[in-house]
Amino acid sequence: MFSSPEEVFEKEKRYLMQTYKRPRIVLKEGKGAIVRDFFGNEYIDCVGGIAVNAVGYCHPEVVSAIQEQAEKLMHVSNLYYTEPQVKLAEKLSELSGMNKVFFCNSGAESIEAALKLARKVTGRHTFIAAEGSFHGRTLGSLSVTFGTKFRSAFEPLLLKGVKFVRYNDAEAIRKVLDEETAAVILEPIQGESGVRVPSAGYVKAVREICTEENVLLILDEIQTGFGRTGRWFGKDHDGVEPDIMTVAKAMGAGFPIGAMLAKEGIEFESGEHASTFGGNPLACATALASISVIEGEKLVERSRELGEYFMEKVRDAENGLESSPQVKEIRGKGLMIGIELTKPCSELVEKALDRRILINCTADKVIRLVPPLVIRKEELDKVISILQEIIK
Ligand SMILES: *Cc1c(COP(=O)(O)O)cnc(C)c1O
């Protein structure tokens with residue numbers, strides 16, 4: 001297609017809006033947790049398409065599900081019934097304990113649906129979100145996203161009166177609630193702002209406050225869903241049921257799909273919301289295959305075990321990574337891991353690349369590791385030892 005990576009870089013610059021800063025490699029193919037570049041060099045991928053590629057690259061069951069469905073029916077719109085959509089809704093309900101599903105194509109879209117739904121069922125219009133939150137880049141989802149760097153060029157944002165409270169402080173929510181509050185929106189573990197894990201019981205305490213005060217709880221499980229944290233969903237660590245829940249990222253193994261899930265009675269009625277592509281047969285068949293792999297290969301348990309293994313190794317008192325002076329803290333659940341450094345980590349991303357490891361730097365000083373859940377133990381060992389070398 002192109003004669004060299006340089007040609008790709010040059011044309012990318014010419015023809016694409018420069019919204020992304022990328023390392024100078026062109027990725028061509030992948031298998032498991034390994035991706036290959038233009039020249040066939042192999043990298044251990046700890047970015048996993050930003051917590052999307054849970055079942056790894058080109059999982060044969062996912063690939064054949066796509067092939068089979070593509071030969072039958074890719075899209076007919078939501079004017080008609082299709083089987084994969086109904087099957088997937090049933091599956092999601094079973095896994096999440098939620099009752100009703102609305103399908104869309106991305107995380108931000110599922111947040112938009114959640115905000116609209118919360119307004120409609122409560123008749124109230126404002127929201128409470130957390131400091132450090134990330135819920136997406138569309139104008140509605142951006143209104144409940146905290147970071148100045150995401151917001152400042154676009155203010156004033158769409159939703160008025162959104163209040164941001166300290167994360168991991170449930171009582172702070174009660175203090176800012178008022179008669180205009182429709183819902184509280186939270187990530188069970190904050191991803192973008194540096195893998196911030198709240199204390200056990202925080203989400204449960206928020207649930208109780210929302211119930212007492214009669215406002216809805218929206219949990220954004222877009223990053224934490226589908227085994228990432230060692231449970232099916234982040235909410236399961238606290239045994240909490242939200243009123244509305246959003247999912248996307250890992251659901252389709254890389255195929256774009258998102259969903260908003262809600263409890264019985266918290267529903268749109270005919271004509272109130274819609275999506276042309278949402279829940280099309282190809283996307284749903286892919287998501288069903290991906291979920292079936294997560295179940296069949298016990299990837300939720302694997303995420304939990306490998307996460308514990310990782311923490312044990314890096315916390316080894318004598319020479320574990322956490323004991324190096326450049327490391328402030330290592331935290332996470334399952335294979336959602338943040339390594340907070342004492343200085344910005346963008347330079348380390350380059351160094352890791354030279355050692356053929358893909359890592360991502362978020363919130364300036366946090367290395368975020370969200371590898372495919374199928375990553376092999378030897379690969380994880382290699383990642384740990386290379387990180388140790390380059391951080392020191
Ligand atoms: C990625 C992410 C989103 C946005 O999803 P998009 O598919 O990029 O729109 C929203 N919330 C959380 C927690 C995310 O991690």
Side-chain angles (χ1 to χ4, degrees), residues 17 19-20 47-54 96 102-118 127 129-147 149-151 154 157-159 162 164 167-168 183-198 203 206 217-229 231-235 237 242 244-261 275 277-279 283 286-287 290 332-338 360-363 366 368-371:
M17 284 200 197
T19 41
Y20 305 107
V47 181
I50 320 185
V52 167
N53 301 323
S96 68
F102 176 86
F103 285 113
C104 52
N105 314 286
S106 69
E109 266 180 81
S110 68
I111 297 287
E112 294 295 332
L115 298 172
K116 275 181 76 174
L117 182 60
F127 295 90
E131 292 173 4
S133 65
F134 181 87
H135 298 294
R137 307 277 197 154
T138 55
L139 279 171
S141 63
L142 198 56
S143 305
V144 288
T145 290
F146 183 70
K149 69 170 176 183
F150 306 118
R151 299 168 60 100
F154 311 101
L157 291 171
L158 217 51
L159 304 179
V162 175
F164 291 96
Y167 191 58
N168 202 19
V184 173
I185 178 165
L186 284 181
E187 295 155 84
I189 294 176
Q190 289 188 337
E192 245 9 76
S193 68
V195 189
R196 308 215 168 259
V197 186
V203 180
V206 174
L217 174 62
I218 303 171
L219 285 183
D220 179 348
E221 296 262 12
I222 293 168
Q223 191 159 153
T224 46
F226 300 97
R228 175 54 52 194
T229 70
R231 304 292 295 260
W232 271 99
F233 298 100
K235 71 183 179 65
H237 291 282
I244 301 176
M245 177 173 146
T246 57
V247 289
K249 288 200 163 89
M251 177 160 56
F255 200 95
I257 182 168
M260 174 192 60
L261 287 63
S275 164
F277 291 124
T286 311
S290 172
K333 276 208 163 98
L335 286 175
M336 181 170 180
I337 297 162
N360 161 250
C361 172
T362 187
V366 183
R368 174 176 42 179
L369 306 177
V370 280

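This chain uses plain numbering: 1 for the first residue, then up along the sequence. Every number for a ligand or one of its atoms is a count from 1 in the order of the listing.
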Margin query: For a side chain to side chain contact (heavy atoms under 4.5 Å, CB included) check, start with the C-alpha distance between S275 and F102, then their side-chain angles and the critical distance, and finish with the verdict.
Written below: CA-CA 9 Å; S275 164; F102 176 86; 4.2 Å; yes
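- Considering only residues two or more places apart in sequence or on other chains, S133 meets the side chain to side chain donor-acceptor pair (under 3.5 Å) condition with none of them.
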For ligand 1, output the ligand-protein N/O contacts shorter than 3.5 angstrom; if there are none, return none.
{"residue": "ligand 1", "atom": "7 (O)", "partner": "G107", "partner atom": "N", "Å": "2.8"}
{"residue": "ligand 1", "atom": "9 (O)", "partner": "A108", "partner atom": "N", "Å": "2.8"}
{"residue": "ligand 1", "atom": "11 (N)", "partner": "F134", "partner atom": "O", "Å": "3.3"}
{"residue": "ligand 1", "atom": "11 (N)", "partner": "D220", "partner atom": "OD2", "Å": "2.7"}
{"residue": "ligand 1", "atom": "15 (O)", "partner": "Q223", "partner atom": "NE2", "Å": "2.7"}
{"residue": "ligand 1", "atom": "15 (O)", "partner": "K249", "partner atom": "NZ", "Å": "2.6"}

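- Considering every non-hydrogen atom in both L335 and P371, the closest pair reads O-CD, 3.7 Å.
- Remark: R368 engages E192 in a salt bridge, criterion side-chain N to carboxylate O under 4.0 Å.
- Aromatic ring centres of F103 and F277 lie farther apart than the 6.0 Å criterion allows.
- A donor-acceptor contact shorter than 3.5 Å is absent between the side chain of K333 and the backbone of H237.
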